[in-house]
**Student:** 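Questions regarding the structure given below will be posed in turn.
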Amino acid sequence: MRTARLLNPHAGSADDFPRQVMELQAWVTGQAMPAGSIGQGVQALPAGPTAPQLWMLGSSGYGAQLAAHLGLPYAFAWFITDGKGTEEALTLYRETFRPSAGLSKPQATVCVWALAADTDEQAWHLFESRARWRMDRNLGRLGALLPPHEAQREYSAAEQLALERLRANAIVGSASTVGSRLRHLARQLEVDELVLITWTH
């Protein structure tokens, strides 16, 4: 019964999230479960001689604070917010970080959506699929990415404004264009590396 409850992703509430993170830490590292945890006595198998490093992925100050409190590395989900709130979350994480057994100082990265092609023109053509997907999602229409030539449609005035913001923040272009933008972003945010996410038709 406990195992079933632990495997149910819809059990509990957002208030349970810190406890769930600490339980995951315990399973991965072999440490003792938090007091009162329903995970006590449940083993995660298979087990091996090594374990992955846990990171907290977040798109708000809440995840940054929790990662700092638990002494975990933190990754900001730029690809979800199009960069909004990144600097604030990284500052909050760095200023409130508490060293842990696994990490003595803050370690942060940013997960960025980027798209490169042979030329800037080709990359922006491929970007039409993402633009259409994002505009449709904003209207509650969810679906697969369409091919670029099928993705183009007439956008409303409100969608045009949203599309302009999306394009202005997008990291899209040739390899040299994208590389230059990424290096500038890494310097600006004072991170040693970036995680790149690309989905395209």
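On a predicted model such as this, the values are computed, not experimentally measured, just so you know.
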**Student:** List the atom of Ser174, the atom of Asp118, and the distance in Å for their closest heavy-atom pair.
**Tutor:**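 In this case the closest contact between Ser174 and Asp118 is CB-O, 4.0 Å.
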**Student:** Side chains of Leu115 and Arg130: does their closest heavy-atom pair fall under 4.5 Å?
**Tutor:** no
**Student:** So how far is it from Leu139 CG to Arg134 CZ, rounded to the nearest 0.5 Å?
**Tutor:**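 Those atoms lie 12.5 Å apart.
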**Student:** Would you say the side-chain atoms of Arg181 pair up with the backbone N or O of Ala170, donor to acceptor, closer than 3.5 Å?
**Tutor:**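 Checked: pair present.
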**Student:** Using the rule that Ile, Leu, Val, Met, Phe, Trp and Tyr join whenever any side-chain heavy atoms are under 4.5 Å apart, tell me whether Leu126 and Leu163 fall into a single cluster.
**Tutor:** yes
**Student:** Donor-acceptor check, side chain of Tyr93 to backbone of Gln107, threshold 3.5 angstrom: yes or no?
**Tutor:**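 Side chain of Tyr93 to backbone of Gln107: a pair is present.
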**Student:** If you look at every heavy atom in Leu189 and Arg94, which pair is closest and at what distance?
**Tutor:** O-NH2, 3.0 Å
**Student:** So, Gln122 side chain and Thr119 main chain: donor-acceptor pair closer than 3.5 Å or not?
**Tutor:** yes
**Student:** For the side-chain contact (heavy atoms from CB on, under 4.5 Å) test, which of Leu185, Ile197, Thr109 pairs with Trp78?
**Tutor:**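 Answer to the side-chain contact (heavy atoms from CB on, under 4.5 Å) test with Trp78 among Leu185, Ile197, Thr109: Leu185.
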**Student:** Do the side chain of Thr91 and the main chain of Glu87 share a donor and acceptor less than 3.5 angstrom apart?
**Tutor:** yes
**Student:** Around Glu121, counting heavy atoms of other residues, nucleotides and ligands shown, do more than 12 lie under 6.0 Å from its CD?
**Tutor:**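 It does not: Glu121 CD has 12 such atoms or fewer within range.
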**Student:** Transitively linked via ILVMFWY side-chain contacts under 4.5 Å: Val110 with Phe79?
**Tutor:** no
**Student:** Please check if the side chain of Ser104 supplies one atom and the backbone of Pro99 the other of a donor-acceptor pair under 3.5 Å.
**Tutor:** no
**Student:** Does the side chain of Ile171 reach to within under 4.5 Å of the side chain of Leu196, using non-hydrogen atoms?
**Tutor:**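 They are not in contact (no side-chain heavy atoms under 4.5 Å apart), so the answer is no.
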**Student:** Under 4.5 Å between side-chain heavy atoms, hopping through other hydrophobics if needed: is there a path connecting Met135 to Trp199?
**Tutor:** yes
**Student:** Between Glu128 and Arg167, does any side-chain N to carboxylate O distance fall below 4.0 Å?
**Tutor:** yes
**Student:** Quick one: are Leu166 and Phe127 in side-chain contact, heavy atoms under 4.5 Å?
**Tutor:**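 Counting from C-beta outward, Leu166 and Phe127 do come under 4.5 Å.
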**Student:** I want to check something: taking the side chain as every heavy atom from C-beta on, are Arg153 and Glu159 in contact at a cut-off of under 4.5 Å?
**Tutor:** yes
**Student:** Just how far is it from atom CG of Leu66 to atom CE of Met56, taken to the nearest 0.5 Å?
**Tutor:** 4.0 Å
**Student:** Is any side-chain heavy atom of Pro18 closer than 4.5 Å to a side-chain heavy atom of Val21?
**Tutor:**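 No, their side chains stay 4.5 Å or more apart.
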**Student:** I need the minimum non-hydrogen distance between Leu145 and Ser129, along with the two atoms involved.
**Tutor:** CD2-O, 3.5 Å
**Student:** To the closest 0.5 Å, what do you measure between CZ (Arg132) and CD (Gln152)?
**Tutor:** 10.0 Å
**Student:** Distance from Leu161 atom CG to Ser156 atom OG, nearest 0.5 Å?
**Tutor:**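 OG of Ser156 is found 8.5 Å from CG of Leu161.
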**Student:** From Phe97 CZ over to Leu92 CG, what is the distance, rounded to the nearest 0.5 angstrom?
**Tutor:**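 Here the rounded value is 13.0 Å.
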**Student:** Is the closest side-chain heavy-atom distance between Val172 and Trp113 below 4.5 Å?
**Tutor:** yes
**Student:** Work out which heavy atom in Ala89 is nearest to a heavy atom in Ser60; give both atom names and the distance.
**Tutor:** CB-O, 4.2 Å
**Student:** Please work out whether the ring planes of Phe17 and Tyr62 are parallel, tilted or perpendicular, with thresholds of 30° and 60°.
**Tutor:**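 Aromatic pair Phe17/Tyr62 classed tilted.
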**Student:** Say you draw a straight line from CG of Leu70 to OG of Ser100; how long is it, rounded to the nearest 0.5 Å?
**Tutor:**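 It comes to 8.5 Å.
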**Student:** In the structure I gave you, are the side-chain heavy atoms of Leu90 and Tyr74 within less than 4.5 Å of one another anywhere?
**Tutor:** yes
**Student:** Distance-only, no hydrogens or angles: does the Trp124 side chain make a donor-acceptor pair with backbone N or O of Gly173 under 3.5 Å?
**Tutor:**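 Answer holds: no.
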**Student:** Considering only heavy atoms from C-beta outward, does the side chain of His201 approach that of Leu146 to under 4.5 Å?
**Tutor:**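 No. Closest side-chain heavy atoms not under 4.5 Å.
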**Student:** Evaluate Thr81 against Phe76 for side chain to side chain contact (heavy atoms under 4.5 Å, CB included), listing each step before the verdict.
**Tutor:** CA-CA 9 Å; Thr81 69; Phe76 185 83; 3.4 Å; yes
